[in-house]
Amino acid sequence: MTRATRLWPVIIISSTVAACLTAFVFPASPLRPALTLWFLLVCPGMAFVRLLGITPSYVEWMLGIALSLALNTLLSALMMYAHAWSWELALLLLAVLSVGGAVLQVGLSAQRSQPGPARLAGE
Amino acid sequence: MQTEMRTWPRMEAAPWQLGALFPALALMLWLVSVPAINLRRITDIGLIAALPPLSLAALALLVVSFCLALGRDQVRAPVLALHVIVLIFMLYGVTALIEEAPRYPVAWLHAGFTEYVMRTGQTAPMLDARFNWPGFFSLTAFATQVSGLESALALMSWTPVFLNLLYLGPLLAIFSVVSEDVRLRWLGVWFFYLANHVGQDYFSPQGLNYFFYLVILAILLGWFRAKIVGESLLWRVPGLRALVRRSRLAREWLAAEAGRWLPSSTPVQRVGLLLIALLLFVAVTVSHPLTPFFVLLAVTLLALFDRITLRGLPLIMGVVLAAWIAYMTTAFLSGHPEMVIGAFGQIGRIVDRNVTERLSGSPGHLLVTYGRLGLTLAVWGMAALGLLRRMRAGHRDLSLLLLAAAPFALLALQSYGGEMLLRVYLFALPLVAFFGAALFWSGAADRQRGRMAVMAGLVSLGLLAGFLLVRYGNEKMDYISADEFEAVATLYETAEPGALLAASSYNLPWKYRDYERFSYLTLKDEALLGGADAMIGALRQRQKPASYLILTRSQGAYLELFYNFSPADWQHLQDSLIDSGQFAVIHDSPDALILALKPVNDGGGE
């Protein structure tokens, strides 16, 4: 298990907890914008992109951020069209997704060795 | 590459620190000098006239340092990356550092759409056309509420820096697929940022969707390249297959990329990557009317010419796009069919709206406009020469050529409010920047490296001058002072719902709140042709329970830049409106005047 493999689930889960705490428990915290925007930008996407074993790392970041933004966009649009707008519910759903992906990362890396990296052509 | 990236910092700690010295110094000089910019001294050629010499020296130092780093025997990607990141901060963050309020009226309108979603939790397709593609506004409303910010205005100023940093990843990924030359990749990225003058990276759906567009291309070129030139859909066209077989040139181009830079991945990984690409496309489709067409066109060309293995992908994307248009935008488009194909085939009209109509205004503004055309042609010319150089070196970059050409097809379909040429330029720019870089680095021998670095540096300085002139050429009207913003806030506090809010042009920071509760009117033609009387007549004609006219400094600058309105004309217009006796002055500050139209029976009779 590489250092990154161990580290990312910890980063995702702790970021999720921090974002939910500042949004729901300490809404007046000055750290709230930084922690929640970091969570929305990185965690939902990285929770799943990390499962693919992409290299090099800048491409993994690119995919993680893009997937996060797309998931945020689609989830919020879906809630709007369903006349069920609730940022609280959307945040909770993304938190569950992120923690689920992080747990899956831990489970998969514990059960078997990672698949070979999906190397970008030319790299 | 993975191993290489992980070992750089440890192996080359000293060079890294040394290479970081000049960009750090340039950044420091920039941060010291930029606060000295006096926005009141900006002329008709924009920000470049007000930049202190130290700011220009900081930019020049960064350019020289970058080219020195390129010319060294052992090129170090982290050092080049640092230069590019500092460049992005300097070029795209300058307005956030010096302006008192976020720029661009459209960005304020987008903040208004965001506020509408935050307040109502709904979209309003019939209120504004853009609400038929509300993905970006739901995203920003969600992010604003989760982060506890009062409004999206707090996110606006630094959006260009944020988006341009996002573009860096997919640009590098695309260039990495095409060339193993690290210098060529980074020079392509460098040129992209020096030539991205179109200013679409503000708080807007298209700014974010451009990132998605680049990532989709990076995924397709990075992991789904065709291994062999097979029986592609295109060759089933009668006669075409025989034609290709007879043409040596066609065979050469079609076969040249086959088997080059093949990715390594498992089927599970490819399925995951394909799902990400599809999700991105769906997000693009629900967020912007134009970008999905650019994506679809690019992917279709790659599939038709057998550049990617996913031949069915254009069909899937087409179905997604058609379904959205057919089911989610029908109510609006049935009343506005010109939105889609309004100018189909009318090349003359499209050229007029995109080019000719923009060639007017004050001498300074004309210089900026011609500069924009000149910079565009120079970048395209450089790319053409770079392409020839690549071809002479034996490269046949059909994938990149197709992607560079694809956006031009949309030019024949739509003028997009006179902005289509800008969009075409933007969507072709990554490929154009790569070919431009290839003019200097295309298999250059080691002994030529120094000369090429000098040439690239000189061209970079030219592009930099062009960028500063063109990108911030309208700064006089784009800049919004705190006084103007406070006046608009006063207007919203004063005006009752249902009131008519009018201005002499579109460029003021309004519509950012309570969008559906007011009517809006711009009186540019009345102000230019009929003066105060025509403006009063237009307001009376609307017969609203209350009407307000707001005139701000930036509106005066707009009329000066585009219509040769002099400051004296602007002052005369304001005096005439006040002296007409038809208005009550409710706000008068150095940068803004707010007038309330009196009722007809209250001294405001005609």
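What you are looking at is a predicted structure, and each value in this text was computed from that prediction instead of being measured.
- The distance from atom CZ of B:Arg119 to atom CH2 of A:Trp85, rounded to the nearest 0.5 Å, is 13.5 Å.
- In this structure, the side chain of B:Gln269 engages the main chain of A:Leu52 through a donor-acceptor pair within 3.5 Å.
- With a threshold of 4.5 angstrom between heavy atoms, B:Leu214 does not approach chain A through any atom at all.
- When heavy atoms are compared at a cutoff of 4.5 Å, A:Trp87 approaches chain B by way of both its backbone and its side chain.
- Using a 4.5 Å cut-off between heavy atoms, B:Leu155 contacts chain A through its side chain alone, with no backbone atom that close.
- Neither the backbone nor the side chain of B:Thr144 comes within contact range of chain A; no heavy atoms are under 4.5 Å apart.
- Residues A:Met80 and B:Val117 come closest through the heavy atom pair SD-CG1, 3.7 Å.
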Next item on the list: Begin from the C-alpha positions of B:Phe162 and A:Leu41 and carry the test side-chain contact (heavy atoms from CB on, under 4.5 Å) through to its verdict.
Entry: CA-CA 11 Å; B:Phe162 170 70; A:Leu41 188 65; 3.7 Å; yes

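- Closest of all the heavy-atom pairs between A:Leu67 and B:Leu280 is N-CD2, 4.4 Å.
- Both the backbone and the side chain of A:Leu91 come within less than 4.5 Å of a heavy atom of chain B.
- Using a 4.5 Å cut-off between heavy atoms, A:Tyr81 touches chain B through its side chain atoms alone.
- Looking at every heavy atom in both residues, A:Val59 comes nearest to B:Ala173 through CG2-CB, 4.3 Å.
- Few gaps surround CZ on A:Phe24; more than 12 heavy atoms of other groups in view lie less than 6.0 Å from it.
- In this structure, B:Leu279 CG and A:Phe48 CZ are separated by 11.0 Å, a value rounded to the nearest 0.5 Å.
- The residue among B:Pro170, B:Ala143, B:Gly135 with the most heavy atom pairs within less than 4.5 Å of chain A is B:Pro170.
- Closest approach of A:Thr73 to B:Ser138, counting heavy atoms only: O-OG, 3.7 Å.
- Contact annotation for A:Leu94: only side-chain heavy atoms (C-beta onward) come within less than 4.5 Å of a heavy atom of chain B.
- Distance alone, capped at 3.5 Å, places no donor-acceptor pair between the A:Arg32 side chain and the B:Leu149 backbone.
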Next item on the list: For side-chain contact (heavy atoms from CB on, under 4.5 Å), just list the numbers for A:Tyr58 and B:Ser176, CA-CA rounded to whole Å, side-chain angles, deciding distance to a tenth of an Å, and then say yes or no.
Entry: CA-CA 12 Å; A:Tyr58 80 86; B:Ser176 299; 3.2 Å; yes

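- Among the candidates B:Gln122, B:Met118, B:Gln145, the residue making the largest number of heavy-atom pairs closer than 4.5 Å to chain A is B:Gln145.
- When all heavy atoms are compared, the tightest approach of A:Thr55 to B:Trp223 is O-CZ2, 4.4 Å.
- Looking at every heavy atom in both residues, B:Ala218 comes nearest to A:Met62 through CB-CE, 4.0 Å.
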Note to self: Please evaluate residues B:Leu273 and A:Leu63 with respect to the criterion side-chain contact (heavy atoms from CB on, under 4.5 Å), reporting the C-alpha separation (whole Å), side-chain torsions for both, the decisive distance (0.1 Å), and the verdict.
What the structure shows: CA-CA 9 Å; B:Leu273 288 160; A:Leu63 292 171; 3.7 Å; yes

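- Both the backbone and the side chain of B:Val146 come within less than 4.5 Å of a heavy atom of chain A.
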Margin query: Set out, in order, the CA-CA distance, both residues' side-chain angles and the distance that settles side-chain contact (heavy atoms from CB on, under 4.5 Å) for A:Leu69 and B:Phe211, then state yes or no.
Written below: CA-CA 10 Å; A:Leu69 290 170; B:Phe211 170 60; 4.1 Å; yes

